[in-house]
Protein chains: 2
Amino acid sequence: MTRKQEIIQVAASLFKEKGYSAVSMRDIAQAMNIKAASLYNHIDGKQEILATLIVEVAIEFTQAMNQVISERISAIEKIEKIIGFHIDITVNYAENIAALNNDWMHLEGEERNSVVKMREEYEENFRSIIKTGIKEGTIKAHHPEVLLFSILSTLRTLYLWNEKRGKMDVNILKKDMVTTLIYGIV
Amino acid sequence: MTRKQEIIQVAASLFKEKGYSAVSMRDIAQAMNIKAASLYNHIDGKQEILATLIVEVAIEFTQAMNQVISERISAIEKIEKIIGFHIDITVNYAENIAALNNDWMHLEGEERNSVVKMREEYEENFRSIIKTGIKEGTIKAHHPEVLLFSILSTLRTLYLWNEKRGKMDVNILKKDMVTTLIYGIV
DNA sequence: GTCTATAGGTAGATAGAC
DNA sequence: GTCTATCTACCTATAGAC
């Protein structure tokens, strides 16, 4: 773990807790027991930390989604796989996801455009899967947007739940999440 | 609409867009075409705006939940009612909900304790309803926490979806949301 | 109800010593 | 790799005139 990576990790934890704008370079430095000026020997600035965190996890989601849509499986199976990789990525990138969800609007320049575009393409891929399922007759013919929103909002906020999960096994969680989101609660 | 209410409304819109910490009193004043100092003739400070927004909607949710748990209906019917009032409150208090979800940690003093307590009691009431449904056999015997999390995370982020909803009738949305969350998508 | 002026503090970031 | 010192800009909030 390089010093730069340490800084980013400490910053990510603080960003998750209070949000990007409420965390100062002095806060990050204090959490590492150094002075704020020392941070600049390793990073260009606060903005670089945010961009690193968000772009990293946005690429993870994009790649996982591209993998799923390339497979020759049913729409329902694709959604099951999406739920699965959301849980996997959440376990490994909880702080990055917090930044992606809550602080993407504080990204500047080309990185912001890039992340917004990845997000839109991600949603469009998900929407296509749902529409395919409805056409096939395997998914109930609701408004696709209601389904998309409902599933995605649960998956995107999984990171908030990562502590309570605690002792719960990831594979059991995946099974339960699939049952709940796809087959309902009754 | 008093001048104070105007300020709170304008601030709420900016808070929703960028978050409490990223919005300055100068931003709020500029959006009203006045100077920042003029705001203080109507409000005590930035913190009062946040507290007003969050406490107002937290009380709305608490009262709606108390109404539901007092009714002599089944667990499933109670959850249907909860989905309903979340949609109603979201339509009328989208900006307040954004602040409650994303900026509650920036509340200071007794108001923060109060809001956290209301949130915990709300979740506990919801959890009890789910457990009752499982005991009655009307709800599948998952881990109650997975159900609670899944439904609540969708309902809490409804405010993000309030624009796309657009032309969609509220009652149709309620019916679709109930079907999706309770009866699944297959 | 709004203004100008300003106080007192904190922000991100840089220069240069060690 | 970290420090002290510092710059410039912005922050919340107040005082007092109109």
Side-chain angles (χ1 to χ4, degrees), chain A residues 1-55 95 98-99 102-112 115, chain B residues 1-55 95 98-99 102-112 115:
Chain A
M1 172 102 82
T2 65
R3 203 80 175 106
K4 179 168 179 172
Q5 288 172 318
E6 280 184 69
I7 293 169
I8 291 173
Q9 194 182 51
V10 167
S13 171
L14 293 172
F15 290 170
K16 184 185 171 202
E17 193 186 333
K18 307 203 300 173
Y20 175 75
S21 305
V23 175
S24 70
M25 296 300 279
R26 286 169 176 83
D27 292 332
I28 299 168
Q30 192 171 36
M32 302 187 69
N33 292 310
I34 58 175
K35 298 292 176 185
S38 306
L39 297 171
Y40 292 87
N41 198 48
H42 308 283
I43 52 156
D44 291 340
K46 195 182 168 189
Q47 178 68 205
E48 187 198 354
I49 301 176
L50 184 67
T52 303
L53 286 169
I54 292 181
V55 170
E95 289 77 18
N102 304 320
D103 288 316
W104 63 269
M105 74 288 282
H106 301 119
L107 280 176
E108 296 164 8
E110 198 43 55
E111 261 126 359
R112 176 165 163 166
V115 166
Chain B
M1 173 103 80
T2 67
R3 203 79 176 109
K4 179 169 178 170
Q5 287 173 318
E6 278 184 71
I7 292 169
I8 291 173
Q9 192 182 53
V10 167
S13 172
L14 293 172
F15 291 171
K16 184 186 171 200
E17 193 186 334
K18 306 202 298 174
Y20 175 75
S21 305
V23 175
S24 70
M25 296 300 276
R26 285 174 174 81
D27 293 332
I28 299 167
Q30 192 171 36
M32 302 187 70
N33 293 310
I34 59 175
K35 299 291 175 183
S38 307
L39 297 171
Y40 292 87
N41 198 48
H42 307 282
I43 52 156
D44 291 340
K46 197 183 167 188
Q47 178 67 207
E48 188 199 354
I49 300 175
L50 184 67
T52 303
L53 286 169
I54 292 181
V55 170
E95 289 77 18
N102 304 320
D103 289 317
W104 64 268
M105 73 288 280
H106 299 120
L107 280 176
E108 296 164 7
E110 197 42 56
E111 260 126 359
R112 175 164 162 167
V115 166

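All values derive from a computational prediction rather than experimental measurement. A, B, ... follow the sequence lines: proteins, then strands. Residue 1 opens every chain.
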**Message:** Could you tell me how far apart B/N41 (CG) and D/dT12 (C1') are, to the nearest whole angstrom?
**Reply:** 16 Å

**Item:** Flag side-chain contact, heavy atom, 4.5 Å: A/L53 against A/D103
**Value:** no

**Complete:** To the nearest 0.5 Å, atom OG of B/S24 lies from atom CG of B/L14 at 9.0 Å

**Message:** Is any side-chain heavy atom of A/K16 closer than 4.5 Å to one of A/N102?
**Reply:** no

**Asked** Parallel, tilted or perpendicular for A/Y20 and A/F15, by the 30°/60° rule?
**Response** perpendicular

**Asked** Do the non-hydrogen side-chain atoms of B/Q47 and B/L107 ever get within less than 4.5 Å of each other?
**Response** yes

**Prompt:** Is there side-chain contact between A/H106 and B/K18, with heavy atoms separated by less than 4.5 Å?
**Reply:** yes

**Item:** More than 12 heavy atoms of other groups within 6.0 Å of B/Q9 CD
**Value:** no

**Message:** Below 4.0 Å from chain B heavy atoms, what is the first contacting nucleotide of DNA chain C and what is the last?
**Reply:** C/dG1 to C/dA5

**Request:** Return the residues of residues 17-40 of chain B meeting this criterion: a heavy atom under 4.0 Å from some atom of DNA chain D. Order them by number, or give none.
**Result:** B/V23, B/S24, B/M25, B/R26, B/A37, B/Y40

**Message:** With a 4.5 Å cut-off on side-chain heavy atoms, are A/M32 and A/R3 touching?
**Reply:** yes

**Item:** DNA chain D contacts made by residues 42-55 of chain B, counting heavy atoms under 4.0 Å
**Value:** B/G45, B/K46

**Message:** Is there a side-chain contact between A/I49 and A/L39 in this structure, where contact means two heavy atoms from C-beta onward sitting under 4.5 Å apart?
**Reply:** no

**Message:** Any carboxylate oxygen within less than 4.0 angstrom of a Lys/Arg side-chain nitrogen, looking at B/K4 and B/E48?
**Reply:** yes

